[in-house]
Amino acid sequence: MSEVDTNLYNILKERGLLYQCTDEEGLKKMLESGQPITLYEGTDPTADSLHIGHCVPYCILRRFQKAGHRVLLLMGGATGSVGDPSGKTELRKMLTKQDIENNIEKIKSSLSVFLDFEGDNPAIIVNNADWFDKLNFVDFMRDIGVHFNINKMLSNEIYKNRIENGGLTFFELGYQLMQAYDFVHLNREYGCVLQYGGQDQWGNIAAGTELQRKLNFANGTNINLIGATNPLLLTPEGKKMGKTEKGAIWIDKEKISAYDFYQGIYQTPDACVKMMFSLFTDLPMEEIDDIIKEDIVKAKKRLCYEITKFVRGEEDAKLAESMSENLFAQGGDNAPEFVMSKNDFVNGMGICDLLAITKLCSSKSDARRMIEGGAVSMRGEKVNDFTLVVSLKDFENDSLLLKKGKKNFIKVVLK
């Protein structure tokens, strides 16, 4: 394992990534000791992909891993069946075990953007269904439930909306017990001493550290668990970021084109630009401050490029940047070029394949939806048939202009 970076605590503070902590002085000592620690962040797999707002904790875990610490990613195969009531006005949709397993498999591929799962310090994925499925309910309530006071739980801010909008179920109350036990279990099995999560999870995270303190008293142990949170990505109106008027800014390339991803980032409110730079880039804070102070529009363009490059790769970042610079190109004269071989069209190519290859659409299925919605044109004419085959005769002077919507152009050039 590589040498531990003892400056991580200062980095987290400088970049505004440490919001709350149950024992900040203890955390500071841990991170400055030169000894690696094990930490985790939990995710309930309630969807089959992650959007940009979900990834704040992963950006922070990435810094811990790069600093030489061991990272655990907990997938809530069990807690996902209950659903976190934090901040909710309604009971969450209950997912089947099969839904949860499918979602976990699909999410794993997105996580590799942020964390290294190979090498001498790989991130480890664990699933709390592996231990909850083996627990006896009566034993769990006797050993763990006895340490939770209902009056104290109901006073917690995370339950406020559910209580005010129809009432809280016992089913949901169990969520905090389960999340608290996760922390205790991961300490026993992996030596995990730190849980990091969003500030809206503060009540659940603190419950885990409190549970261990009570177990210390009951069992004569002296284990110190620390909980910490990061600030949420919130718009000035107080809404969580990660979605735009057009939809979610997905991490999965199959769900969103490079251009739409780039443009989704561009909609970041000015007040949130600094935090996005802090999270998703390694640019020094002094440089970030200078960029924002000089020109917020240029700063947002730089942010779009850096995040697109980080999540999707440099090729997509350059393509999206080029397309965005030509948003208002009339007739596509200045449209970005996508070079292909004439051999690719000797036997023809399906229009959906072409739209996906050029990344004007995120996938063939996305291309089909766009065509069926009347959003695609070729050579200035609307494409009405998603089975259309594009051949060499469709090119004029070895170029073919494709358009999606009103502003998205790309020129396919044959070499």
Side-chain angles (χ1 to χ4, degrees), residues 20 22-23 39-46 72 74-97 100 126-198 200-229:
Q20 298 155 298
T22 59
D23 180 7
L39 72 153
Y40 90 98
E41 187 273 338
T43 297
D44 285 336
T46 53
L72 304 178
L74 185 145
M75 291 291 177
T79 45
S81 299
V82 177
D84 182 8
S86 301
K88 302 302 177 192
T89 58
E90 297 178 351
L91 180 68
R92 281 178 180 258
K93 177 185 176 183
M94 296 183 197
L95 300 177
T96 66
K97 287 187 176 182
I100 290 171
V126 295
N127 186 338
N128 61 15
D130 292 340
W131 51 89
F132 277 112
D133 284 354
K134 298 173 184 176
L135 288 176
N136 176 279
F137 176 75
V138 174
D139 290 342
F140 178 76
M141 295 305 292
R142 182 188 61 201
D143 297 339
I144 303 301
V146 69
H147 297 295
F148 286 80
N149 182 287
I150 291 294
N151 289 337
K152 184 176 180 180
M153 291 178 70
L154 292 179
S155 67
N156 199 306
E157 185 70 20
I158 63 175
Y159 296 124
K160 180 179 178 181
N161 287 342
R162 287 290 294 123
I163 293 173
E164 291 178 353
N165 292 272
L168 186 70
T169 66
F170 179 77
F171 185 59
E172 293 169 288
L173 272 177
Y175 186 90
Q176 188 171 101
L177 277 69
M178 296 171 75
Q179 184 167 329
Y181 181 75
D182 282 337
F183 202 172
V184 170
H185 177 86
L186 292 176
N187 173 262
R188 293 172 178 172
E189 296 297 319
Y190 296 91
C192 181
V193 293
L194 174 65
Q195 180 183 180
Y196 227 108
D200 58 339
Q201 288 297 306
W202 175 248
N204 291 326
I205 291 172
T209 64
E210 179 67 18
L211 172 61
Q212 183 58 60
R213 281 195 290 270
K214 291 181 178 180
L215 291 173
N216 284 342
F217 181 78
N219 303 326
T221 53
N222 186 30
I223 298 169
N224 182 33
L225 302 184
I226 298 176
T229 67

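Keep in mind it's a predicted model, so treat the numbers as computed, not measured. Every heavy atom of this structure was used, including side-chain atoms; hydrogens, water molecules and symmetry mates were not.
Rounded to the nearest 0.5 angstrom, Q195 CD and L74 CG are separated by 8.5 Å. Atoms CG and CZ, from N222 and R213 in turn, are 12.0 Å apart once rounded to the nearest 0.5 Å. Between the CG atom in N204 and the CG atom in L177 there is a gap of 10.0 Å [rounded to 0.5 Å]. Here N219 contributes atom CG and K214 contributes atom NZ; the two are 13.5 Å apart, rounded to the nearest 0.5 Å. Summarising the geometry, atom CG belonging to L215 is positioned 10.0 Å from atom CD belonging to E210; distances are rounded to the nearest 0.5 Å.
Between I226 and F183, the closest heavy-atom pair is O-CZ, 3.4 Å. Of all heavy-atom pairs between L194 and A228, the closest is CD1-CB, 4.2 Å. Closest non-hydrogen pair, T209 versus L225, comes out as CG2-O, 3.4 Å. Between A129 and G77 the shortest heavy-atom distance is CB-C, 3.9 Å. Between T79 and Q179, the shortest heavy-atom contact is CG2-N, 4.5 Å.
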Cut-off 3.5 Å, no hydrogens considered: what does the side-chain donor-acceptor table look like for residues 140-150, sequence neighbours left out?
residue, atom, partner, partner atom, Å
R142, NH2, D139, OD1, 3.2
H147, NE2, D143, O, 3.4
N149, OD1, N151, N, 2.9
N149, OD1, K152, N, 2.9

Practice problem: Before giving the answer on side-chain contact (heavy atoms from CB on, under 4.5 Å), spell out for M178 and N128 the whole-Å C-alpha distance, their side-chain angles and the decisive distance to 0.1 Å. | Solution: CA-CA 9 Å; M178 296 171 75; N128 61 15; 5.7 Å; no

Quiz prompt | Derivation and outcome, side-chain contact (heavy atoms from CB on, under 4.5 Å), residues Y40 and V126 | solution = CA-CA 10 Å; Y40 90 98; V126 295; over 6 Å; no

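Checked by atom type and distance alone, the side chain of T229 never pairs as donor or acceptor with a backbone atom of W202 at under 3.5 Å.
With sequence neighbours excluded, the residues satisfying ring pair (Phe, Tyr, Trp, His ring centres under 6.0 Å) with H185 are W131.
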